[in-house]
Each structure stands twice: as C-alpha cells, then as structure tokens.
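Here is the structure we will look at.
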Amino acid sequence: MRALGIETSCDETGVAVCDSEGGLLAHALHSQVDVHVEYGGVVPELASRDHIRKVLPLVMEVLRQAGLELADLDGIAYTAGPGLIGALLVGGSVARSLAYALEIPAVPIHHLEGHLLAPMLETRRPDFPFVALLVSGGHTMLVVVRGVGRYECLGETRDDAAGEAFDKTAKLLGLPYPGGAALAALAERGRPGRYEFPRPLLDQPGLDFSFSGLKTAVLYAARAAPDDEQTRADLARGFEDAVVETLAVKSLRALEHTGLERLVVAGGVGANQRLRARLAADGASLGAQIYFPRPAFCTDNGAMIAYAGAQRLAAGQTDEAVIRARARWPVASVEPPAGLAVEEQR
Ligand code: KG4
Ligand code: ZN
C-alpha cells in the first residue's frame, strides 16, 4: 500500500509517500516561519493561504523524489485534526479531491496519532506496547500506545503545553517566534544552577503536568534580573532544566506505573537535545529502552501522516467521500482500523 500523506494542521506544510511494506519513500516540508515571524505567532488565515500555495508543488516534489506518478498511489492520508480549521481544510480538500480524481481511498488521520507513530519511521523502532511522552506546541501527554489506533492517556497538562511554555518563555526573553529551538540554543550558553525554577507537580503523585506557573516564575525572575546576555542565557537554562527534569521524572514514573520498558519521545519538544540526553541517561540506568524519532520527525511533518495512513489503508480502512476537519479531537477517542490484527509484544 503506497500512501501519500498530507499534513497542514498548523504552520508547516508536510507531504510524504510511505509504503506499508517498504517504509518511507520520500518526504518534503515547507515551514511558514517567514510568514508568521513578524506577528510573533501563527496567523491562521495566512497559514491557510500559504498551505494552498505550497501543498500541490510539494505533492509533485515528493512524487518526483520517489520516482512515482500520481497513478502509482494506492491511497491518500491527510491530517483531519486537531489543528487550525482553515489550515486543515486545505489539506483535506486537496487530499479528498486527488483521491476522487484518482479513484483511490482517502483517510483522515489524527495529528497526534502521526506523532505517536513517528518512531516507526526509524530503523530502530519500538514494539507495541510502549509509553509515549508526547510533547508538542499544543499538547503534553503521557500515552500508552498498544497499536495503531489504540491510545490510552495516562496524564496530561492542566494548563500550558510544554512547547507553549517554551514559546511563551522565549518571547519574554526577547526571542523571535517560534521560540522553542531558539530558547534551547540560548540555554546552551547559560549556566546551570544560577536560576532554580519550580518543578511543577513533581512532589505530587500522578502523571499530570502544569507549566503555566513555571513561565510566570521566569517572568518575575527576568523582571528582577540585570538586562544582559549572560543573564538571559542563565534564565533560559534554568527554565529548560526545570522542564526537562519534570518531563523526565514523569516519563519514568509512567514506565513504573505501567510496568512497560519502552519509552518513545514524540512531538516538537522531543527535538530538544537536553531532553533527549536526559531521557537516554535515565532510561539506561533503569534498563528501559528509549526511542526518539529524528528531530525532523519530532516536529510536524508529512512522513508521520503518510506512515499512519499507509497502516490504516493497508488494513482496509476507507471513508465516505467527505472532507473531515476537527479543530478539537481527543486522541483517546481514535479507533483502530477494523481490519488491523492486534499486535502486541512485551
Ligand atoms: O509538534 P510540533 O512541531 O507542532 C505541534 O503539533 O504543536 O511542536 C512545536 C513545538 C513548538 O512549541 C516549538 O517551540 C517546540 O515544539 N520545539 C522545541 C524545540 N524544537 C521545537 N522545544 C524545545 N526545544 C527544541 N529544540
Ligand atoms: Zn504536531
């Protein structure tokens, strides 16, 4: 099953072709950072318009890269939510129209399912079931992944997502949108320990997160601090250390709680090098296996949607001739494709 995947849920147009047997054949991404940077965040209408401009050229580019024609596709997968509704409608309309013209099926994919299955794009890939730490701009969750479409939420953020906390803290330190990666780069020059920020909810049992207080703590510290480059770097380092420790401790707690020994880190914040290093070290000391998608497949991309789609289409999933788009869509309500054999190893 050769599936085209189209991701347009936010500010990245991602397109890829994935074979359910042969893996990823080609992928391409266009980032809208240049479009939104002057506004300090994503402007939904501009995002939709830019997706319209880029999605078809990217489809043609991945087909060329893979040495395929449109007629070689067996099905199309598109992100149907959660996300910006106008942006989702662009990908959904293009996917559905192409599928209609080519007389092949199109299936809607949950954006977070894409993130959760992204580690399957790598050569070293986890068996099911595994625990996933899903940390993106809009979500922070610990999820048990038992198979395609079998997701159980163990805990989630009560307020800001980890990526959102990175972005807001970056903004208050004067860094341009999107702030996460820029804040991590600034933190590299920071000294650990000069600022000790709270580790929210770590002293309480359970697997929920809370990041809005941490952002406020950085704001107050920044107001009281001298305005120099080293201090900004030290603040960034203090913030990053607090987030990384919180995420790592809760992830290990989730492994203990479930008795599982495989942990996957997914979503944009999973690209954070300090988080990856900390989890790799903690995992090794616990005897757990830690899996990371490559950084480009942690952040939004078409490959993860093409992968999820190829699995679902290969299991025989189809859909009516409608365009599906949902701004909100809980991941726990996603269902497995009816025809997929339950595959679970310990
Ligand atoms: O998964 P993603 O690309 O989009 C969403 O579905 O939200 O995640 C984007 C988030 C942003 O908040 C961004 O600042 C954050 O991931 N991010 C990072 C890093 N790279 C991206 N946060 C921390 N360190 C990074 N290196
Ligand atoms: Zn995402």
Side-chain angles (χ1 to χ4, degrees), residues 5-14 27 29-33 36-37 40-42 44 47 78-84 87-88 91 109-119 132-141 143 156-157 160-173 175-188 190 209 211-212 214-215 218 236-237 239-248 264-279 292-305 307-308 327-329 331:
I6 299 181
E7 155 64 40
T8 62
S9 66
C10 188
D11 58 349
E12 237 108 46
T13 319
H27 66 101
L29 186 86
H30 168 74
S31 163
Q32 301 182 349
V33 169
H36 304 294
V37 70
V42 181
Y78 62 95
T79 305
L84 302 172
L88 290 166
I109 301 293
H110 194 293
H111 180 77
L112 298 185
E113 170 165 88
H115 279 304
L116 292 170
L117 298 179
L133 170 68
L134 178 54
V135 271
S136 70
H139 296 85
T140 298
M141 312 171 100
V143 183
E156 62 189 320
T157 184
D160 290 356
E164 190 180 358
F166 262 95
D167 294 340
K168 288 179 175 170
T169 306
K171 203 168 192 173
L172 73 88
L173 292 176
L175 298 168
Y177 148 90
L183 186 141
L186 178 63
E188 283 311 292
F209 302 92
F211 289 110
S212 70
L214 176 56
K215 169 198 68 196
V218 180
R237 179 63 191 266
F239 167 82
E240 185 178 50
D241 284 347
V243 176
V244 165
E245 182 168 5
T246 307
L247 294 176
V264 157
V265 186
V269 182
N272 185 277
Q273 291 303 330
R274 210 169 280 283
L275 176 64
R276 293 166 85 95
R278 168 78 189 251
L279 284 170
F292 308 98
R294 71 193 78 164
F297 292 166
C298 280
T299 45
D300 288 349
N301 65 88
M304 64 187 194
I305 303 304
Y307 178 86
R328 291 177 187 278
W329 184 7
V331 71

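Remember, it's a predicted structure, so these values are computed and weren't measured experimentally. In each ligand, atom 1 is the first atom listed, and ligand 1 is the first ligand listed.
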Side-chain donor/acceptor of [X] to backbone N/O of [Y], under 3.5 Å:
X: T140; Y: A162; result: yes
X: T8; Y: A87; result: yes
X: R276; Y: G270; result: yes

Say whether [X], considering both its backbone and side-chain N or O atoms, lies within less than 3.5 Å of an N or O atom on ligand 1.
X: P178; result: no
X: E12; result: no
X: T299; result: no
X: G163; result: yes

Are T13 and Q32 close enough that some pair of their side-chain heavy atoms sits under 4.5 Å apart?
-> yes
Can you tell me how far apart [atom1] ([X]) and [atom2] ([Y]) are? Round to the nearest 0.5 Å.
X: H115; Y: I305; atom1: NE2; atom2: CD1; value: 7.5 Å
X: R294; Y: T299; atom1: CZ; atom2: OG1; value: 11.0 Å
X: M304; Y: E7; atom1: CE; atom2: CD; value: 5.0 Å
X: L186; Y: R237; atom1: CG; atom2: CZ; value: 11.5 Å

So for H115 against ligand 1, with non-hydrogen atoms under 4.0 Å, the contacting part is side chain
Quick one: which of [options] has a heavy atom closest to [atom]?
atom: atom 7 (O) of ligand 1; options: A185, G14, G137; answer: G137
atom: atom 4 (O) of ligand 1; options: D300, N301, L183; answer: D300
atom: atom 17 (N) of ligand 1; options: P295, G268, A170; answer: G268

Indicate the atoms forming the closest heavy-atom contact of [X] with [Y], along with that distance.
X: S9; Y: D300; value: OG-OD2, 4.4 Å
X: A242; Y: L214; value: CB-CD1, 3.9 Å
X: R278; Y: A248; value: CG-CB, 3.6 Å

Among all protein heavy atoms, pick out the one at the shortest distance from [atom]; state its residue, atom name and that distance to 0.1 Å.
atom: atom 24 (N) of ligand 1; answer: N272 ND2, 3.0 Å
atom: atom 6 (O) of ligand 1; answer: H111 NE2, 3.1 Å
atom: atom 12 (O) of ligand 1; answer: D167 OD2, 2.7 Å

Would you check whether [X] reaches within less than 4.0 Å of ligand 1, judged by its heavy atoms?
X: Q273; value: no
X: E240; value: no
X: C10; value: no

Which of H139, H110, H111 passes ring-ring contact (aromatic ring centres under 6.0 Å, His included) with W329? Answer is H110
Counting from 1 in the order shown, the ligand 1 atoms closer than 4.0 Å to a non-hydrogen atom of G138 are 7 (O)
Review point. Between F166 and F211, does the ring centroid distance fall short of 6.0 Å?
Key: no
Atoms listed for the Zn ion (ligand 2) (protein only, N, O or S, under 2.8 Å, no waters) are H111 NE2, H115 NE2, D300 OD1
